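Reviewing the structure listed below.
This structure is a prediction, so every number in the text was calculated from the model and none was measured.
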Amino acid sequence: MKKYLSWSFSLAILLSLAACTDLTEENFSNIDATVYYQNETSVKGAVSAIYGEAAYGFCEYFFYLNEFSADQIAWRTWNAGGWGWDEGLKFVLSTQTWTSEAKIVLQAWQKAWKTIGLCNQLIYDLQKLDPASIAMTQKQIDAYIAEVRTLRAWAYYNNFELWGGALPLNVDVTTDVPGSADADFDKGCKTIFDFIVKELDESCPNLIQEDGSNATRNRMNQAMNRMLKMRLLLNAEVFIKTNQYAQCEALCDSLLNGAFGSYSIATDYRDIFELNNETCPEVVFAFANENGQLNIGWMRDVPFLPYNYDSICGGMTSQSGWNCVILAPSYDNSGTQLETGGTTGARCFLDAPYNDKLGAVYARFEDGDIRKQPYAYTTEWNGGCILRGEQKSVFDGHTICADADRNGQPLFYVDQVGQFATQPAGFTTTVADGQQVTADANIVQNPRWGQTNSGLRLMKYPIYPESESVDYQSIDEVEFRWAEVVFTKAECAWRTKGTSPKDLVNSVRQRYFVDSPMTDEVASTWSDAEWMLHQWGLEFLCEGRRRRTDLRRFNQFTQGQWWFFDRAVAEGGGKYPAQRDKKYEWFPLPENAISVNPGLKQNPNY
C-alpha cells in the first residue's frame, strides 16, 4: 500500500485542465498548464491523479464486462428474482443478451475515456514545459512522459478488448472528436493494435526497472510494459487474426531471464493478496489502495457478501455487502431438498449428462488445494477463499442468519442456484441416466432465480478482524503478476511446439498443495486445450480478465457451454442457447455515443 502521492486534489486540478473526457460529448480544452506545474512534486501529483482515475474504471466497469459475461463469476438476483435485478442492468452480462442500448455498456464507455483524456492532457503539458523552469532535467520529464504513455496504452488495451476496431484513436488535445479508427472493423483493429505496440516499445527504455527494492510495483515499469505487450501478442489471433505465439514466447523468455526486472513466483500465494503485497516478488504492478484516498479495495469481496458480513468476517465495514455476485454453481437442482436450501444428490455439471469443462468453479478445484478450504481468519488467513455451507461469526461462533427469502433462517451457502423455498422440504426431482436435463425448469435455473443463499462466495482478498486494526481496503489491487508470464510461456510453447503446458503451469500450482501431494484428478482426462483453459481460470479467478485471457482465445466465450445455457428457461420464454451469436465476442458501441458522434462505426452485426 505504498503511496505515490495523495491523488484526490491532483485529480481536481487535472480535470480542470482537461475539461471533458467523454468522447460521446466533446473533447478536451486546455489552459496554460505552467500555472500548476511548478516543480517535480506537482508533476508527480498529476501522474498520481491519473492512476486513481484508471483504478476506478478498471476495477469496476471493466471488471463487470469481462467477468460477469464469462463462465466463472455471475450476477444473480434473489427473493423471487426481485432483489438485485436493477432492471437487468448487469444480468444481461451473465446471460450474454446485451444490446447497443444496454445501460451497463454505456456506463463502461463513458468511464473508458477519462483515463485516456487525462493522459493526453498531461503528455501535451509535459512536452511543452521547459524542464529547467521547474528544476527538472529533460531525462526526468521523458521518464514521466514514458510512464503516462504506458498508462495510456494500458487504458487503450482495456478499451480494445471490449470494442475492438470500432474505437476512435484519440491521442491529441483537440476540440475535434475523432470517429472510429477505420470504417472497416478489421483494419481498425490493426490500427489500434499497432498503436499500442508502438507506444509500449517507445516508452519501455525510459521506464523504471524493479531491482528487488520494491520501489516500482505501484508504477508503470519495464516489466509491466512488456507484459502488456505480451498480452497483445498472446491474443493477436483474436485481435488482428494473426498468430503471434512465437513472438510472444520469445518475449516471455526475455522477461523470465530478468531483462526487465527482478521477479519470482511467491511460494506462499497469500503474499500476493494480503496487506503490504507491494513487497511480494510476484507482484509486477498493483494499484496502491488506501482507505480514505484511493478506495477500490472492497470491489473484489464485497459484491459477493451479505449485508451482515461484518458478523462473519469481523472486519471494518465502511462498504455494505451487495449479496449479488456468486461463483458459477457446480451442481444442478436435482435430488432431495434440504431445509437449509439446496439438495442432496444433485448432479455436478462436470459429470454426465452435462460433461462441462467450464463454470462449476468449486468442483474444478482439487480437494487438496488450500484455496478450496472454507475461508477463515483467526491469527492469520488460512488461504481458503470460498464461503460455503453454514456461516458462523468469527467472534463467538454463533450462526449467522439469512435475510430476504430465507429471513431468520441459518445462512447456509449452497453450490446451486434455484428457488428451493418454492418447494416443500423433501421435494424430489429425478433425471434419467444419460439424458440431457431439460424437462424440468427447476432442475437448472438461470441467474435471475436464486435465493439469498444461492451460490458460493469468493474471498479473493482477506478481510482482517477488527482486532487487527487494519482496514482490508488498504490492500493493493494486483493487476500484473509474474504467474501470468509463466502461464503465457506454457501456452505459447504448447501452441507452437506441441510441448505439454503442464510442467510450467504445475511449477506455479504446487504452492497450493501445502499438506497434501499435488493432484490433477478433476481434469486428468481433458485435452491440453481444456486443461490449459481450466488452469487459467483457477489461477486468475476473479482478476478481471476471464473473457479475454481465456475464453475468447480458446473460442469458448460464445461457443462454450456452462451452467444454464441450453438448460434453463430464458426471460421471455425459450432457452438460453448452448452457442451464442458470435457478435457477442465484441461489445457494441453505445447508441448514445453513435448519435453524438456519427463518425463512430458500429461493431459488425449489432
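- Ion pairing between E249 and K489 holds under the 4.0 Å rule for side-chain N and carboxylate O.
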Derivation and outcome, salt bridge (charged side-chain N to carboxylate O under 4.0 Å, His left out), residues R545 and E67 = CA-CA 7 Å; R545 297 287 181 185; E67 289 287 1; over 6 Å; no

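- Residues R552 and E161 are not paired through a salt bridge, judged by the lack of any N-O separation under 4.0 Å between the basic side chain and the carboxylate.
- Because its NZ or CZ atom is not both nearer than 6.0 Å to the ring centre of Y157 and within 45° of the ring axis, R152 does not count as a cation-pi partner of that residue.
- Using a 30° and 60° split on the angle between ring planes, F62 and F58 fall in the parallel class, below 30°.
- Judged by the 6.0 Å and 45° rule, R371 forms a cation-pi pair with Y512.
- Below 30°, between 30° and 60°, or above 60°: for F239 and W586 the angle between ring planes is between 30° and 60°, a tilted geometry.
- Ring planes of F63 and F68: perpendicular class, angle over 60° (limits at 30 and 60°).
- Ring geometry, Y51 versus F287: the interplanar angle exceeds 60°, so the pair is classed perpendicular (tilted spans 30 to 60°).
- Looking only at distances, a side-chain donor or acceptor of N120 sits under 3.5 Å from a matching main-chain atom of N170.
- E585 and T558 share a side-chain donor-acceptor pair at under 3.5 Å.
- A salt bridge is absent between K460 and D301; no separation between the charged side-chain nitrogens and carboxylate oxygens falls under 4.0 Å.
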